[in-house]
Amino acid sequence: MDIQTLKQQTEEHIAPKHIEVNRIVETNQEKVLRAFQQLRVSDSHFNPTTGYGYDDFGRDTLERLYAEIFSAEDALVRPQLISGTHAITTALFGVLRPGDELLYITGEPYDTLHDVIGKEGKKDTGSLKDFGVSYRAVPLTTEGDFDVQAIEQSINEKTKVVAIQRSKGYEDRPSFTIDEIEKMIQKVRDVKKDVIVFVDNCYGEFVETSEPLEVGADLIAGSLIKNPGGGIARMGGYIAGREDLIELCGYRLTAPGLGKETGASLNSLQEMYQGIFLAPHVVGEAMKGAIFTAKFLDSLGFNTNPAYDAKRTDLIQSVNFETADQMVRFCQSIQQASPVNSHVLPQPSPMPGYDDDVIMAAGTFIQGASLELTADGPIRPPYTAFVQGGLTYAHVKIAVTQAVERLVKEEVVKLKTVKG
């Protein structure tokens with residue numbers, strides 16, 4: 001069977017899953033639309049501010065909009081938050097104090113947070129460790145699940161924040177669904193009711209019809225160049241949750257005494273409003289692309305995770321390769337099928353926050369935008385490329401198909417018998 005025929009058969013096979021995605025998109029779109037209407041958003045909310053940003057009612061309304069959409073008491077939504085890592089860092093530094101403990105219960109967090117937390121033997125960089133905040137991580141079980149017994153035994157009187165990373169990031173494990181997060185939060189509350197539960201929500205917004213704050217989390221954070229930016233927000237991040245915690249995060253973002261009252265929005269507001277409105281639809285397109293990628297590549301003998309018919313809670317689709325060369329060439333082929341910098345050939349190289357060289361295929365309109373189609377990963381066994389995003393389903397389908405065709409033509413991989 002040729003690749004183009006398989007592409008057509010794959011689409012027919014996954015059609016029921018796409019119908020499920022459409023239902024999720026419509027539910028989330030209605031939720032977002034209702035929030036816009038309740039807050040009476042108008043074009044006057046898009047006007048920029050400069051300098052201190054006092055009385056920026058467009059910014060303030062945008063933050064109320066995020067609070068409404070994510071079922072939060074309050075939110076910070078700022079262009080000054082440059083990434084998901086920065087938003088998470090601001091949240092953790094905002095609520096933790098010297099002598100407190102941060103406990104990750106989903107294993108070690110994403111690579112870029114290691115320096116935020118602090119490593120033994122590292123020079124003073126202003127990490128949590130440098131400020132006297134201790135840290136521990138509870139490994140997942142061999143099946144990739146929460147280790148309930150170990151978590152219960154790890155929480156103590158010093159534990160101030162229990163952190164959950166919703167998405168698998170660069171790990172070869174399942175991401176955690178909202179239902180799984182809810183059950184784990186209930187277990188944590190049984191041990192210590194007043195602990196702050198923080199969820200790294202990156203890659204997860206609008207993939208399901210509910211969010212972590214609705215199931216007991218106190219604080220969430222994410223990036224606007226991922227899901228909630230809708231593919232058009234050029235920068236920014238958000239933190240949402242309990243009002244008292246958001247106040248502390250505001251003091252960390254700006255300065256004690258200033259907090260949320262300052263921070264000019266410049267010319268970012270319209271794209272942030274429009275981005276969150278478009279987000280349910282664009283996330284749906286990326287989900288459809290991930291489902292296609294999983295089924296199409298699995299049929300060709302690749303090891304993919306999650307499976308095409310699995311319940312999804314984030315946008316990340318991993319593809320395992322036998323060698324580093326295969327992984328690198330696949331990512332390069334995705335770059336060649338991109339709308340921007342398709343002529344550029346990315347190479348594995350050092351990146352800030354990572355211990356291993358990273359291959360980063362990202363022919364995106366916005367630098368580093370993970371809601372646009374990207375393929376990347378650290379060069380380490382198992383050789384896994386993490387494919388995510390896609391502003392349109394059609395682009396994901398075309399790009400993945402072309403990537404496979406290139407790998408076969410160049411004899412980088414030999415396809416196994418096509419599965420049914």
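We count residues from 1, following the sequence as given. Keep in mind the model is a prediction, meaning the values are calculated, not measured.
- Using a 4.5 Å heavy-atom cutoff, the side chains of Phe176 and Phe146 are in contact.
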- Should Ile164 and Ile185 be marked as a side-chain contact (heavy atoms from CB on, under 4.5 Å) after you check the CA-CA gap, both sets of side-chain angles, and the distance that decides it? CA-CA 9 Å; Ile164 296 171; Ile185 291 175; 4.2 Å; yes

- Applying salt bridge (Lys or Arg N to Asp or Glu O under 4.0 Å), run through Arg136 and Glu101 and close with a yes or a no. CA-CA 8 Å; Arg136 286 181 298 144; Glu101 178 185 74; 2.7 Å; yes

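- Other residues, nucleotides and ligands contribute at most 12 non-hydrogen atoms within 6.0 Å of the CZ atom of Arg234.
- Residue Glu410 places its CD atom among more than 12 non-hydrogen atoms of other residues, nucleotides or ligands, all under 6.0 Å distant.
- Between Ser175 and Asp314, the closest heavy-atom pair is OG-OD2, 2.5 Å.
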- Message: Using side-chain contact (heavy atoms from CB on, under 4.5 Å), reason through Leu6 and Ser299 one step at a time and then give a plain yes or no.
- Response: CA-CA 8 Å; Leu6 179 62; Ser299 298; 4.0 Å; yes

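- In this structure, the side chain of Arg78 engages the main chain of Lys260 through a donor-acceptor pair within 3.5 Å.
- When the shell of 6.0 Å around CD of Glu214 is examined, it contains more than 12 heavy atoms from other residues, nucleotides or ligands.
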- Query: Thr374 and Val387: side-chain contact (heavy atoms from CB on, under 4.5 Å), yes or no, with the steps?
  - Reply: CA-CA 6 Å; Thr374 59; Val387 184; over 6 Å; no

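- Around NZ of Lys31, the count of heavy atoms belonging to other residues, nucleotides or ligands within 6.0 Å exceeds 12.
- Between Phe330 and Phe321, the two ring planes are tilted [angle within 30° to 60°].
- Applying the ring pair (Phe, Tyr, Trp, His ring centres under 6.0 Å) rule to pairs touching residues 377-403 yields His18-Tyr393, Tyr170-Phe386, sequence neighbours excluded.
- Pairs of residues two or more places apart, or lying in two chains, that qualify as ring pair (Phe, Tyr, Trp, His ring centres under 6.0 Å) and include a residue from residues 198-225 are Phe70-Phe206.
- Distance check: Asp298 CG to Lys295 NZ gives 6.0 Å after rounding to the nearest 0.5 Å.
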- Message: Apply salt bridge (Lys or Arg N to Asp or Glu O under 4.0 Å) to residues Glu180 and Lys183 and explain how you reach the verdict.
- Response: CA-CA 5 Å; Glu180 291 170 328; Lys183 292 175 183 177; over 6 Å; no

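- In this structure, the side chain of Gln335 engages the main chain of Asn341 through a donor-acceptor pair within 3.5 Å.
- Residue pairs meeting the ring pair (Phe, Tyr, Trp, His ring centres under 6.0 Å) criterion with at least one member in residues 217-236, sequence neighbours excluded, do not occur.
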- Should Arg166 and Glu211 be marked as a salt bridge (Lys or Arg N to Asp or Glu O under 4.0 Å) after you check the CA-CA gap, both sets of side-chain angles, and the distance that decides it? CA-CA 10 Å; Arg166 178 177 176 178; Glu211 299 290 341; 3.2 Å; yes

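- Atoms CD1 and OG1, on Ile88 and Thr112 in that order, are 7.0 Å from each other to the nearest 0.5 Å.
- Few gaps surround CD on Gln38; more than 12 heavy atoms of other groups in view lie less than 6.0 Å from it.
- Applying the side-chain contact (heavy atoms from CB on, under 4.5 Å) rule to Leu33 yields the partners Gln37, Phe277; only residues at least two apart in sequence or on another chain are considered.
- Summarising the geometry, atom OG1 belonging to Thr49 is positioned 6.5 Å from atom CG belonging to Leu269; distances are rounded to the nearest 0.5 Å.
- Between Pro212 and Glu182 the shortest side-chain heavy-atom distance does not fall below 4.5 Å.
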- Stepwise, does the salt bridge (Lys or Arg N to Asp or Glu O under 4.0 Å) test hold for Arg34 with Glu68? CA-CA 9 Å; Arg34 185 167 57 247; Glu68 180 66 27; 5.9 Å; no

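- Taking Glu26 as the reference, nothing meets the side-chain contact (heavy atoms from CB on, under 4.5 Å) condition, with sequence neighbours excluded.
- In this structure, Arg252 is positioned above the aromatic face of Phe93, its NZ or CZ under 6.0 Å from the six-membered ring centre and within 45° of the axis.
- Residues satisfying the side-chain contact (heavy atoms from CB on, under 4.5 Å) criterion with Pro174, sequence neighbours excluded, are absent altogether.
- The number of heavy atoms from other shown groups lying within 6.0 Å of CZ (Phe57) is above 12.
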- Query: Does the side-chain contact (heavy atoms from CB on, under 4.5 Å) test come out yes or no for Val32 and Leu65, once each step is laid out?
  - Reply: CA-CA 8 Å; Val32 171; Leu65 183 71; over 6 Å; no

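- A pairwise comparison of heavy atoms in Ile379 and Ala324 identifies CG2-CB, 4.0 Å as the closest pair.
- Remark: the backbone N or O of Gln9 is not paired with any side-chain donor or acceptor of His13 at under 3.5 angstrom.
- Atom CD of Gln4 has more than 12 heavy atoms from other residues, nucleotides or ligands within 6.0 Å.
- Gln347 CD: more than 12 foreign heavy atoms inside a 6.0 Å radius.
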